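Because the structure is predicted, anything quoted here is derived from the model rather than measured.
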Amino acid sequence: MHSSASGWGNGLLGVIIFSGSLPATRVAVGGFSALFLTSARAVIAALIGALVLAVLRQARPQRRDLASLTIVAVGVVVGFPLLTALALQHVTSARSIVFIGLLPLSTAIFGVLRGGERPQPLFWLFAVLGSATVAGFALSGDGSASLEGDLLMAASIVLCGLGYAEGAALSRRLGGWQVISWALLLALPLMLALAILTWPPTWSGIGVPAWIGLAYVSVFSMFVGFIFWYRGLAIGGIARVGQLQQLQPFFGLALAGLLLGEPVAWSMIVATALVVVCVFFARRFA
């Protein structure tokens, strides 16, 4: 019981931190290109990870772990940040919520394929209902659409779900913060080269909000959030704790309303309540 509560507590903290990622990314792409933002956040986070690994004198991962770390790097260090940054140049935040709401289902599927988990049939029922609730809420908004943006978001959800599940399974051996730190270091040469190639020609036109957005996605979205998230998934179960991601779009909209001045409709409150019910029952039958 204690392990389950710890898993859900860590997972919830991770989701709250990740909820600021899309608002911060929307602000940051106003000053930086999508490619530079993706590479810069990874480089900054990798330097933090390297420092922590060195200070705490962590042993290097074994050779058998390199394939899993590569999957994590492709999924959450490169793939999801880059594809969402590109997608947010074509679709609205409300549109992107459709796909973020499908992330728990993607994570659960890869938890079965890569983590060896076997949830009960009723779990899948409430997981799908929760995802459908999020999708229905988003589609009830402005309905703006872009084929390119939609495809980019769909691809980002597949890669992110894979990275989450693979990282959680690996965290059972290496530890949560160690997994994201080593994955960041593995991707560092590529991300550093990309940052240099996409280096802004001038810094004068980049406003303070863009810098704050870059700082948030680098420190919190790319490193601190994963400490809690991978720990929560490893302790409480990938499929089970992964359902907490259904709350992420609503936390994100709340932050967007408070920090960016975006309107928050009453339908958000209703949809949030329905999602909470789905998360409760998904946890019970996982």
Residues Y216 and I16: closest non-hydrogen pair is OH-O, 4.3 Å

Would you call V78 and V74 a side-chain contact if the rule is heavy atoms closer than 4.5 Å? no

Rounded to the nearest 0.5 Å, how far apart are OG1 of T38 and CG of L83? 8.5 Å

Gap between atom SG of C160 and atom CG of L162 - 0.5 Å precision: 9.5 Å

Of all the heavy-atom pairs spanning A28 and G213, show the shortest one and how long it is. CB-C, 4.1 Å

When every non-hydrogen atom of A42 is compared with those of V77, the smallest separation belongs to CB-CG1, 3.9 Å

Go through the steps to decide whether W182 and W177 satisfy the test ring-ring contact (aromatic ring centres under 6.0 Å, His included), and finish with yes or no. CA-CA 9 Å; W182 289 117; W177 70 267; 8.9 Å; no

Determine whether F228 and V15 make a side-chain contact, defined as any pair of heavy atoms from C-beta on separated by less than 4.5 Å. no

Taking G7's backbone N and O only, do any of them form a donor-acceptor pair with N10's side chain (distance below 3.5 Å, no angle check)? no

Does the side chain to side chain contact (heavy atoms under 4.5 Å, CB included) test come out yes or no for L233 and S171, once each step is laid out? CA-CA 9 Å; L233 291 177; S171 294; over 6 Å; no

Measure the spacing between CD1 of I196 and CE of M191 and express it to the nearest 0.5 Å. 12.0 Å

Point-to-point distance, once rounded to the nearest 0.5 Å, from CD of Q178 to CD of Q58: 4.5 Å

Here the gap from L152 atom CG to Q89 atom CD, rounded to the nearest 0.5 Å, amounts to 9.5 Å

In terms of heavy-atom contacts, A234 and A168 come closest through CB-O, 3.8 Å

Between S106 and I157, is there a donor-acceptor pair closer than 3.5 Å when you use the side chain of the first and the backbone of the second? yes

Donor-acceptor pair, T84 side chain versus P81 backbone, under 3.5 Å? yes

Given I48, V43, I44, the one that forms side chain to side chain contact (heavy atoms under 4.5 Å, CB included) with S218: I44

Would you say the ring centers of F32 and W199 fall short of 6.0 Å from each other? no

If you define the side chain from C-beta out and look only at heavy atoms, does anything of T198 sit under 4.5 Å from L194? yes

Could you tell me the separation between the CG atom of L86 and the CD atom of E148, rounded to the nearest 0.5 Å? 8.0 Å

Within a strict 4.5 Å, meaning less than it, do heavy atoms of the I227 and F223 side chains meet? yes

Quick one: are S39 and L192 in side-chain contact, heavy atoms under 4.5 Å? no

How are the rings of Y164 and F18 set to each other: parallel, tilted or perpendicular (split at 30° and 60°)? parallel

Please determine, by modelled atom types, if E166 and S68 share a side-chain donor-acceptor pair under 3.5 angstrom. yes

Below 4.5 Å, heavy atoms only, C-beta onward: do L12 and F251 meet side chain to side chain? yes

Quick one: closest heavy-atom pair of L103 and G161, and the distance? CD1-N, 3.8 Å

Minimum side-chain heavy-atom gap V76-L159 below 4.5 Å: no

Report yes if some heavy atom in the side chain of T25 is under 4.5 Å from a heavy atom in the side chain of L37; otherwise report no. yes

For V241 and W229: C-alpha separation, side-chain torsions, deciding distance, then whether side chain to side chain contact (heavy atoms under 4.5 Å, CB included) applies. CA-CA 9 Å; V241 175; W229 183 239; 4.3 Å; yes

